[in-house]
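Down below is the structure, laid out as C-alpha cells.
Note that the structure is predicted; figures quoted are calculated from it, not measured.
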Amino acid sequence: MTERKVYKSKVDWWVYAVLAIMVVGCLVGPMIDGDNIAGIIVAASMAVMWIFCVTGMKYEINGNQLGIRNLYRWTWVPVEKICKVKKTRGGLATAAMSLDRVSISLSDRNVLKSSMPLIISPKDMDGFISELQRINPAIKYED
C-alpha cells in the first residue's frame, strides 16, 4: 500500500485582503446607485469563487508521484523526475497563495511540456521537501 501525504497550501494575508477589497468594491457601486440586491449577489458570488480558489489548492505526495491540485485540476509529476528543489520568494502567477514558495526543477522538460520550474507554496515547506528527498535522494536542495 502506497503512503499518501497531503500538504495544504500556505495562504498569505494579502490573499484575504484582495478578497475583502473585491467584496467591498462589488458592494459600493450598487449601493451608490441604490441597487443593494445586485451588489450583494455580485459580492457573494465573488467571495464564493475566491474561497474555492483558496481552499482548492493543495499538494499531495502519493507513492512516487507529486500531485498539485489547483481548484479542480490535478497535475501529476513523477518524483524521480525532480532534480532540484529551492526555497524562493516572488510574485509570479503560479499555483501558490503565498510569497514563501518552493521552486521545483525537473530533469525531463517533457513531463510538463515546459522548461519553467513548478512554483508552489506548501504550508509545511520543510516537511514537504524532506518527503520529496526521502523518495528521491538525488534531489539537490538549495535554501
Side-chain angles (χ1 to χ4, degrees), residues 1-32 35 37-143:
M1 187 166 130
T2 61
E3 188 176 342
R4 181 179 154 232
K5 290 195 176 185
V6 176
Y7 296 86
K8 292 182 179 181
S9 179
K10 182 177 179 184
V11 181
D12 281 348
W13 65 269
W14 58 266
V15 174
Y16 298 108
V18 169
L19 171 63
I21 291 167
M22 285 182 357
V23 169
V24 169
C26 291
L27 290 172
V28 169
M31 284 182 169
I32 291 171
D35 191 5
I37 300 298
I40 291 170
I41 291 170
V42 171
S45 300
M46 294 294 290
V48 167
M49 285 176 24
W50 196 255
I51 289 167
F52 275 124
C53 288
V54 170
T55 59
M57 183 82 55
K58 71 178 180 178
Y59 317 107
E60 179 179 311
I61 299 174
N62 193 345
N64 66 347
Q65 295 283 317
L66 167 62
I68 300 155
R69 187 177 94 181
N70 192 356
L71 222 125
Y72 61 89
R73 184 175 160 253
W74 281 95
T75 301
W76 291 95
V77 176
V79 175
E80 67 265 7
K81 299 289 184 178
I82 297 173
C83 62
K84 183 171 72 171
V85 176
K86 178 173 119 176
K87 288 184 180 179
T88 184
R89 290 186 58 84
L92 288 174
T94 66
M97 294 285 173
S98 171
L99 295 179
D100 295 325
R101 298 170 176 195
V102 174
S103 173
I104 299 173
S105 298
L106 303 173
S107 60
D108 183 358
R109 295 180 184 193
N110 292 325
V111 172
L112 295 176
K113 297 172 182 60
S114 171
S115 61
M116 298 296 293
L118 283 169
I119 300 177
I120 60 175
S121 60
K123 194 178 234 180
D124 178 13
M125 198 177 300
D126 293 328
F128 178 80
I129 293 169
S130 294
E131 183 64 18
L132 289 177
Q133 287 183 312
R134 185 187 68 76
I135 296 167
N136 180 0
I139 294 174
K140 293 178 187 167
Y141 171 66
E142 291 181 24
D143 193 4

May I ask you to test the Leu66-Phe128 pair for a side-chain heavy-atom distance under 4.5 Å? yes
Just wondering, do Trp76 and Glu60 contact through their side chains at under 4.5 Å, heavy atoms? yes
Do you know which two heavy atoms are closest between Leu132 and Val79, and how far apart they sit? O-CG1, 3.9 Å
In this structure, are over 12 heavy atoms from other groups packed under 6.0 Å from Lys87 atom NZ? yes
Euclidean distance, Lys5 NZ relative to Asn62 CG, rounded to 0.5 Å: 12.0 Å
The reported gap from NZ in Lys140 to NZ in Lys86 (rounded to nearest 0.5 angstrom) is 13.5 Å
In the structure I gave you, are the side-chain heavy atoms of Lys10 and Pro122 within less than 4.5 Å of one another anywhere? no
Surrounding OH of Tyr141 (heavy atoms of other residues, nucleotides or ligands, distance under 6.0 Å), is the total greater than 12? yes
From CE (Met49) to CG (Leu19), nearest 0.5 Å: 11.0 Å
Asp12 side chain to Leu99 backbone, donor-acceptor under 3.5 Å: yes
Should Trp14 and Ser98 count as side-chain neighbours, where that means a heavy-atom distance under 4.5 Å? no
So which of Val77, Ile120, Ile139 actually passes side-chain contact (heavy atoms from CB on, under 4.5 Å) with Ile104? Ile120
Any heavy-atom pair between the side chains of Thr75 and Asn70 that's under 4.5 Å? no
How long is the span from the NZ atom in Lys81 to the CD atom in Gln65, to the nearest 0.5 Å? 10.5 Å
Counting C-beta onward and ignoring hydrogens, is there a side-chain heavy-atom pair between Val102 and Ile119 closer than 4.5 Å? no
Any carboxylate oxygen within less than 4.0 angstrom of a Lys/Arg side-chain nitrogen, looking at Glu142 and Lys84? yes
Using only atom types and a distance under 3.5 Å, with no angle test, would you say the side chain of Tyr7 pairs donor to acceptor with the backbone of Ser121? no
Measure the CG-NZ distance between Asp124 and Lys8 for me, rounded to the nearest 0.5 Å. 12.0 Å
Minimum heavy-atom separation for Ile61 to Glu131, with atom names? CD1-CG, 3.6 Å
At what distance, to the nearest 0.5 angstrom, does OH of Tyr59 lie from CE of Met125? 9.5 Å
Side chains of Trp74 and Lys58: closer than 4.5 Å at any heavy-atom pair? yes
